[in-house]
Each structure stands twice: as C-alpha cells, then as structure tokens.
Amino acid sequence: MLAKTARFDWYQSTVAVQCPEESGLVSALLRAWPLSDWKQAKNLNGYTHGGAIVRGDRTLCHVCWGGQLGVNCKTTSDESPVLAAALAAFGKPHLPTRIDSCVDWVEEGLFDSLAAHLIEFARANRLAINQQGDWSRGESRTLYVGSKDSPVRLVIYEKGYEQGGDAPRDWVRMEARIRPKREHRVMVSGWDASMVFNAQWLPDALQALGWDDLNERAAIGTVWRKSDAERARAALIKQYGAVIAQWAEETTGWADFGHLLRKEITKTPDNEAATSPPG
C-alpha cells in the first residue's frame with residue numbers, strides 16, 4: 001500500500017560539494033525544475049551563502065553553502081520528490097538531515113480511528129503523545145507520536161481543515177518524519193518515500209493499525225547501544241591507541257603486528273587459556 005501511495009513531503013540533504021555553481025549542482029537543479037531561475041537568497045543554519053531555485057515569486061528549492069562542509073538543499077511539499085530525484089541523478093554523495101513522507105486519505109471517521117489506535121500504541125510503548133487543535137469539537141486536530149527531539153516521529157492531522165476553502169473535511173494526512181543521525185545518512189540517501197515508514201518503531205505502529213506490509217526496520221537514530229565488549233574496546237583504543245600504533249610502527253609494522261601482540265599477551269599465564277586455539 002505505502003509503496004504505491006507514499007511520497008516525499010520534505011526533503012533536506014547536504015551534498016558533498018563545496019560550490020553549488022562550480023560543481024554543476026545548480027545546473028542539475030535547474031534541469032529538474034523547467035522554466036526556473038537561480039537567484040541569491042538568505043543564508044541559513046550557519047552557512048555563509050544562500051541561493052534558491054525559483055519560478056516567478058515561488059521558491060522551489062533553497063540552497064545554502066560556505067562556512068561548513070557541503071551544500072545544503074531543502075524543499076517542502078510537492079517539490080520534495082523533485083529534489084530527491086534531482087540529487088539521485090546528480091550522482092554526488094549526499095547526506096539527508098530531514099525527510100518527511102506522507103500518505104493521504106479522504107474517508108469519513110478515519111482520523112478518529114487512526115488517532116485512537118495510535119494513542120493506544122504510544123501509551124503501550126511509552127512514546128510521547130502531543131495533541132493539538134480542537135479535539136472537543138473534532139476540528140483541525142493533529143496527533144504527534146514520538147518526541148520532537150527524536151529522530152523518528154509519526155504525525156496525523158486533518159489536512160482538509162488546514163487547507164480550508166472547498167477542501168474535504170475528511171481529508172487526513174499521515175506523515176513519517178525522520179532526522180537521520182550522522183552514521184545513518186548514507187543509507188537513508190537511497191531510500192524511496194515508502195521506506196521512510198520503515199524507520200525504527202514505525203512498522204510496529206502501522207501494524208497496530210492493521211497494516212503489516214512493512215517487514216524491514218532501519219535504525220536511523222541512537223536507539224542501539226554498544227555491547228560491553230564494544231565499550232571495552234573503545235575505551236582501550238581511546239586510552240592506548242597511540243601507544244599501540246607507535247609500537248606497531250617501531251617493530252614489524254601493522255601487517256604482522258597481530259602475531260606479535262598475541263605473543264606478548266600469551267606470555268601472561270592468566271591469558272594462555274583464553275588465547276590458545278581449541279584442541
């Protein structure tokens with residue numbers, strides 16, 4: 001279901017180039033949005049320069065660079081799938097910092113049903129719940145599941161009320177919002193819109209709604225914890241890494257250092273049993 005209907009609604013990523021014009025990134029973005037122009041714009045988020053792809057008075061993509069590594073590109077709403085496709089076609093590595101994916105329905109009573117199931121799921125899993133809008137009258141409601149500081153958040157809201165005018169009041173939107181941590185951004189850069197709903201606990205939330213077509217999970221935050229062995233090794237490297245490196249260079253070099261290190265360790269009787277091969 002989601003593979004056919006999900007689409008990006010926010011796409012922000014840092015491209016591994018330093019100048020958007022010299023690298024050809026601006027040209028790639030102009031090709032992605034026909035009849036568009038490139039102009040100077042406000043610099044944001046600590047960057048020293050800003051620019052934008054525009055069509056008339058409408059900003060299609062905001063671009064910032066300078067003062068830190070990479071060129072940051074950001075789009076929202078209907079322009080988000082265009083940016084995702086443009087960066088894929090550009091071919092340079094990029095690291096997403098925020099991606100939203102959404103699904104829409106127009107169905108009477110759907111918001112009430114989705115909200116009830118998601119609130120129950122959030123309570124059972126100790127996830128933050130934030131309700132905005134007029135819940136007593138059932139108008140302009142928004143439900144946030146997950147902390148605003150979490151790398152993963154699920155949102156449902158009454159899009160019809162937000163749009164106003166002749167928009168159907170039963171128009172409901174669900175958004176999966178992710179902010180990948182640094183070590184997961186390369187992986188996320190290859191995701192399509194439906195894969196955003198695989199992040200962390202989102203498949204479990206959707207399964208609580210009766211949707212079980214998402215079988216893979218992706219860890220994009222800091223929910224994993226190092227094992228005791230990994231923490232011990234990290235502490236060893238932090239404290240003695242320089243000593244070990246100097247030792248390796250002064251003796252046999254890195255190629256054979258493992259054999260030398262094993263020999264030194266097994267000189268201690270307490271270590272012989274642990275390091276001797278079985279049999």
Side-chain angles (χ1 to χ4, degrees), residues 2-3 6-29 31-32 44-51 53 61-76 79-102 146-154 175-206 214-227 229-231 233-234 237-238 241:
L2 291 173
R7 66 188 184 281
F8 293 123
D9 193 54
W10 181 300
Y11 205 94
Q12 186 168 358
S13 190
T14 301
V15 187
V17 296
Q18 287 306 108
C19 177
E21 293 180 280
E22 293 178 3
S23 66
L25 177 58
V26 170
S27 298
L29 296 177
R31 288 193 298 270
L44 302 171
N45 301 323
Y47 290 92
T48 57
H49 302 286
I53 304 296
C61 178
H62 200 107
V63 179
C64 293
W65 71 99
Q68 51 189 307
L69 294 176
V71 176
N72 189 264
C73 303
K74 181 182 77 171
T75 55
T76 61
E79 310 308 331
S80 301
V82 182
L83 177 59
L87 294 183
F90 183 54
K92 299 289 186 182
H94 68 96
L95 304 175
T97 54
R98 176 179 170 181
I99 298 179
D100 295 359
S101 183
C102 71
S147 166
K148 65 178 182 179
D149 298 321
S150 169
V152 172
R153 206 177 197 195
L154 189 64
E175 292 182 2
R177 301 179 179 179
I178 64 172
R179 297 176 183 271
K181 296 300 182 182
R182 189 175 303 275
E183 62 269 25
H184 303 297
R185 290 173 184 169
V186 172
M187 173 184 67
V188 173
S189 69
W191 283 7
D192 63 31
S194 67
M195 295 175 71
V196 177
F197 287 89
N198 279 320
Q200 285 190 7
W201 48 264
L202 292 181
D204 292 330
L206 298 183
L214 295 177
N215 298 316
E216 297 182 0
R217 286 174 177 77
I220 64 158
T222 55
V223 295
W224 63 276
R225 296 183 183 275
K226 292 182 179 179
S227 67
E230 289 172 324
R231 287 195 295 270
R233 292 167 192 156
I237 296 301
K238 181 177 180 180

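- What you find for W201 and G146 is that their closest heavy atoms are CZ2-CA, 4.3 Å.
- Under the 4.5 Å side-chain criterion, counting only non-hydrogen atoms from C-beta, N198 is in contact with P203.
- Atom CZ of F197 sits about 7.5 Å away from atom CG of L202, to the nearest 0.5 Å.
- Salt bridge D100/R98: present, at least one basic N to carboxylate O contact under 4.0 Å.
- With S101 contributing its side chain and F8 its backbone, the two residues share no donor-acceptor pair below 3.5 Å.
- Put simply, OG1 on T97 and CD1 on I178 are 10.5 Å apart, with the number rounded to the nearest 0.5 Å.
- Applying the side chain to side chain donor-acceptor pair (under 3.5 Å) rule to pairs touching residues 79-91 yields W33-E79, R58-E79, sequence neighbours excluded.
- A cation-pi arrangement, defined by a distance under 6.0 Å to the six-membered ring centre and an angle within 45 degrees of its axis, is absent between R177 and W10.
- To the nearest 0.5 angstrom, K74 atom NZ is 11.5 Å from L83 atom CG.
- To the nearest 0.5 Å, the span separating CZ on R7 from OG on S194 amounts to 13.5 Å.
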For side-chain contact (heavy atoms from CB on, under 4.5 Å), just list the numbers for W65 and Q18, CA-CA rounded to whole Å, side-chain angles, deciding distance to a tenth of an Å, and then say yes or no. CA-CA 7 Å; W65 71 99; Q18 287 306 108; over 6 Å; no

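- Between the SG atom of C73 and the NE2 atom of H94 there is a distance of 9.5 Å, given to the nearest 0.5 Å.
- A distance of 8.5 Å separates CD of Q68 from OG1 of T48, quoted to the nearest 0.5 Å.
- Between S23 and K92, the closest side-chain pair of non-hydrogen atoms is not below 4.5 Å.
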For L25 and L87, what are the C-alpha separation, side-chain angles and deciding distance, and is it a side-chain contact (heavy atoms from CB on, under 4.5 Å)? CA-CA 8 Å; L25 177 58; L87 294 183; 4.1 Å; yes

After noting the C-alpha distance and the side-chain angles of F90 and V15, does the key distance pass the side-chain contact (heavy atoms from CB on, under 4.5 Å) rule? CA-CA 10 Å; F90 183 54; V15 187; 3.9 Å; yes

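- Residues satisfying the side-chain hydrogen bond (donor to acceptor under 3.5 Å, both in side chains) test with T14, not counting sequence neighbours, are N72.
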